[in-house]
**Student:** 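The structure's right below; bear with me while I get my questions together.
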There are 2 protein chains.
Amino acid sequence: MRTLHELKEPEKTLSADPSARRGIPDATVARLPEYLRALTGFAERGITSVSSEELAAAAGVRSAKLRKDLSHLGSYGVRGVGYEVDHLAYQISRELGLTQDWPVAIVGMGNLGHALAAYSGFATRGFRVVALLDQDTVLHEQEIAGLPVQPMEALPSLVTDQGLAIGVIATPAASAQSVCDQLVAAGVRSILNFAPCVLVVPEGVDVRKVDLSTELQILAFHEQRKSLAAQGALDAVAEAVSR
Amino acid sequence: MRTLHELKEPEKTLSADPSARRGIPDATVARLPEYLRALTGFAERGITSVSSEELAAAAGVRSAKLRKDLSHLGSYGVRGVGYEVDHLAYQISRELGLTQDWPVAIVGMGNLGHALAAYSGFATRGFRVVALLDQDTVLHEQEIAGLPVQPMEALPSLVTDQGLAIGVIATPAASAQSVCDQLVAAGVRSILNFAPCVLVVPEGVDVRKVDLSTELQILAFHEQRKSLAAQGALDAVAEAVSR
DNA sequence: GTGACTTTGTGCATCGGTTCACAAAGGCGT
DNA sequence: ACGCCTTTGTGAACCGATGCACAAAGTCAC
Ligand SMILES: NC(=O)c1ccc[n+]([C@@H]2O[C@H](COP(=O)([O-])OP(=O)(O)OC[C@H]3O[C@@H](n4cnc5c(N)ncnc54)[C@H](O)[C@@H]3O)[C@@H](O)[C@H]2O)c1
Ligand SMILES: NC(=O)c1ccc[n+]([C@@H]2O[C@H](COP(=O)([O-])OP(=O)(O)OC[C@H]3O[C@@H](n4cnc5c(N)ncnc54)[C@H](O)[C@@H]3O)[C@@H](O)[C@H]2O)c1
């Protein structure tokens, strides 16, 4: 993999795009979707041009950060004016790989899997749910949101025939590693994991997780800190009064 | 708020814990839940002691990082041996504020809200769903997972009577800011947002978001990069052959 | 009791990301 | 046509997080 990548490097200089394109920082990539969403909002309201200040406010970041982020994908702004909404949205879409549709499969049709299957948010931006999978044979009779529920054995053909690229794991944590292994074996290299556990995957496979309970626990940490601070303040006041 | 906090500082020296406790880095806090989960796993398998190496592997980090993280909460390991599983789990729980149960309300009983209400993952670790809320009067007849669906007007009393501390937003993005404002007005200071939008809140209120489509888009970015690299490699090979 | 061995806790170097502040760039009004 | 004014793009300083490497600490075998 490493050598293959290096093979390509010499071509970089004659690639079409002018700016130093390799190596967009991870932190920047993580914010691009938010910028894109904000731009979509502006476009829907008929706004054709925004300044970095306005866009940053809509995305919840500082304008300097926004500008530095955008500078990594090229120079698409006009000094003294700002950015053309449609054009910038297109450039970000292209950078994120959303100009094509990515076929997605959801594995695990329980409570969460049902909600995900019914979710329209996939289709709106670059993703297409091509299959629903579950181990449970009882479910194979059903259709959910217009798609049949298939057995796990369908995976390899989904990759070869439908170009399946992204797998979403919505099974219990105990099954998640096994499901992950099956996805990887079938050739899926991008996985979104909703199960609360760490997945171990070979190099070249990306895993991201969406973890409700981690987020709640982080909130609890700060909430406790706020409570303690308030309590401490009360104590201090009480002490001051009693003195 | 700042001044209240400073009022408390002098007490720190006579607080029970020996180490410099203030200011655990955000990056560390974000990993504590993962460590806790790994420890729970060890405990379930009857393992009473782990080294930083073992625990780090289970949590998917490097051992040096784990040790530095743990050093921020105190010195709970034994050199030459490792960490006592139960004790460390308790210390992390206490640090995260999970030794008490936090009352949680879910707002928006659509597809996702239903799944969340039925989800057992809340109760297992420090959280208790005390209320389900929705604007839609049709839903107020129903019970979901043993809880009645209440109108938004119930919010203030939930905070005062039940100690509601954390709000989960599972409404469409268009309603999320309004729901957020109502939560804040009622006194909720910690919010978990599932809607794909940025929420603006006053200082002192924490918002975290769980964002499916952002994660998918980040995966797409890397997937595209992998595809391009593969394509580039093929081109390079073809070129080499033709020469 | 002692010494060898294991593993922690941490100082230090390094890295990546954020913030600041401003010179360069371009539109726009006159 | 020209100069003013706005806003971008970015160099440089700063800040927090990560990784390295080892001395200190404590266990355990004998
Ligand atoms: N329900 C929620 O709101 C929620 C929220 C956050 C996280 N999660 C996590 O998402 C996951 C799913 O939650 P859920 O509530 O939908 O669970 P669930 O028990 O309702 O559904 C799990 C589904 O996975 C299927 N399954 C189990 N093992 C499988 C395997 N090896 N291969 C294929 N399919 C398999 C089961 O047949 C079942 O249909 C869990 O890990 C949970 O912790 C759920
Ligand atoms: N369904 C999924 O799998 C999924 C996944 C990721 C993110 N999301 C996001 O979660 C949110 C909910 O998704 P969903 O599929 O459950 O939507 P949904 O339309 O099924 O449900 C939304 C619910 O919110 C209620 N609601 C609307 N406005 C309200 C208000 N002002 N106050 C109180 N309640 C209000 C509605 O009555 C409805 O019951 C959306 O923002 C969606 O983008 C959903």
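Throughout, a chain's letter reflects where its sequence line sits, starting with A, and its residues are numbered from 1. Values reported hereafter were calculated over all heavy atoms of this structure, with side chains retained and with hydrogens, waters and symmetry mates removed.
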**Student:** If the condition is side-chain hydrogen bond (donor to acceptor under 3.5 Å, both in side chains), which residues does Ser190(A) pass it with, not counting sequence neighbours?
**Tutor:**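 Ser190(A): side-chain hydrogen bond (donor to acceptor under 3.5 Å, both in side chains) contacts with Glu223(B).
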
**Student:** My understanding is that only residues two or more places apart in sequence, or in another chain, count here; which of them pass side-chain hydrogen bond (donor to acceptor under 3.5 Å, both in side chains) with Ser178(A)?
**Tutor:**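 With sequence neighbours excluded, Ser178(A) shows a side-chain hydrogen bond (donor to acceptor under 3.5 Å, both in side chains) to Gln182(A), given in chain and number order.
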
**Student:** Heavy-atom contacts under 4.0 Å between residues 49-63 of chain B and DNA chain C, which residues?
**Tutor:**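 DNA chain C contact set from residues 49-63 of chain B: Ser51(B), Ser52(B).
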
**Student:** As an exercise, state the distance from CG of Leu183(A) to CG of Asn193(A), rounded to the nearest 0.5 Å.
**Tutor:**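 The distance works out to 10.0 Å.
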
**Student:** Could you tell me whether the side chain of Leu116(A) reaches within less than 4.5 Å of the side chain of Leu112(B), counting heavy atoms only?
**Tutor:**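 Leu112(B) does not reach Leu116(A) side chain to side chain.
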
**Student:** For Tyr119(B), what residues pass the side chain to side chain contact (heavy atoms under 4.5 Å, CB included) criterion, not counting sequence neighbours?
**Tutor:**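 Counting only residues at least two positions away or on another chain, Tyr119(B) forms a side chain to side chain contact (heavy atoms under 4.5 Å, CB included) with Pro196(A), Leu212(A), Phe122(B).
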
**Student:** Would you say Leu96(A) and Ile92(A) make side-chain contact, with heavy atoms under 4.5 Å?
**Tutor:**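 The answer is yes; the side chains approach within 4.5 Å.
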
**Student:** For each nucleotide in nucleotides 23-30 of chain C, reading 5' to 3', give B when a protein heavy atom comes within less than 4.0 Å of its base, S when such contact involves only the sugar-phosphate, and - otherwise.
**Tutor:** -BB-S---

**Student:** Excluding sequence neighbours, so at least two apart, what forms side-chain hydrogen bond (donor to acceptor under 3.5 Å, both in side chains) with Lys209(A)?
**Tutor:**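 For Lys209(A) the side-chain hydrogen bond (donor to acceptor under 3.5 Å, both in side chains) partners, ignoring immediate neighbours, are Glu34(B).
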
**Student:** Counting only side-chain N and O atoms of Tyr83(B), is one of them less than 4.0 Å from OP1 or OP2 of dG9(C)?
**Tutor:**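 So the side-chain polar atoms of Tyr83(B) do come within 4.0 Å of the phosphate oxygens OP1 or OP2 of dG9(C), strictly under.
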
**Student:** Taking only residues at least two apart or on different chains, which pairs with a member in residues 52-76 of chain A satisfy salt bridge (charged side-chain N to carboxylate O under 4.0 Å, His left out)?
**Tutor:**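 Residue pairs with at least one partner in residues 52-76 of chain A: Arg31(A)-Asp69(A).
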
**Student:** Which residues in residues 32-40 of chain B have at least one heavy atom lying under 4.0 Å from any atom of DNA chain C?
**Tutor:**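 Per residue number, the list is empty: none.
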
**Student:** Before accepting this row, confirm whether a basic side-chain N of the pair Arg37(A)/Asp211(B) lies closer than 4.0 Å to the acidic partner's carboxylate O.
**Tutor:**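 Yes, Arg37(A) and Asp211(B) are salt-bridged.
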
**Student:** Let me have the donor-acceptor pairs involving side chains of residues 98-108 of chain B, under 3.5 Å, with sequence neighbours excluded, atom names and distances please.
**Tutor:**
unit_1, atom_1, unit_2, atom_2, d
Trp102(B), NE1, Gly97(B), O, 2.6

**Student:** Just by protein heavy atoms under 4.0 Å, how would nucleotides 11-18 of chain D read 5' to 3' in B, S and -?
**Tutor:** BB----SB

**Student:** Angle between the end axes of the helix from dG1(C)-dC30(D) to dT30(C)-dA1(D), five pairs per end, to the nearest 10 degrees?
**Tutor:**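 About 10°, once rounded to a multiple of 10°.
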
**Student:** Partners of Arg208(B) by side-chain hydrogen bond (donor to acceptor under 3.5 Å, both in side chains), sequence neighbours excluded?
**Tutor:**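 Partners of Arg208(B) under the side-chain hydrogen bond (donor to acceptor under 3.5 Å, both in side chains) test: Glu215(A).
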
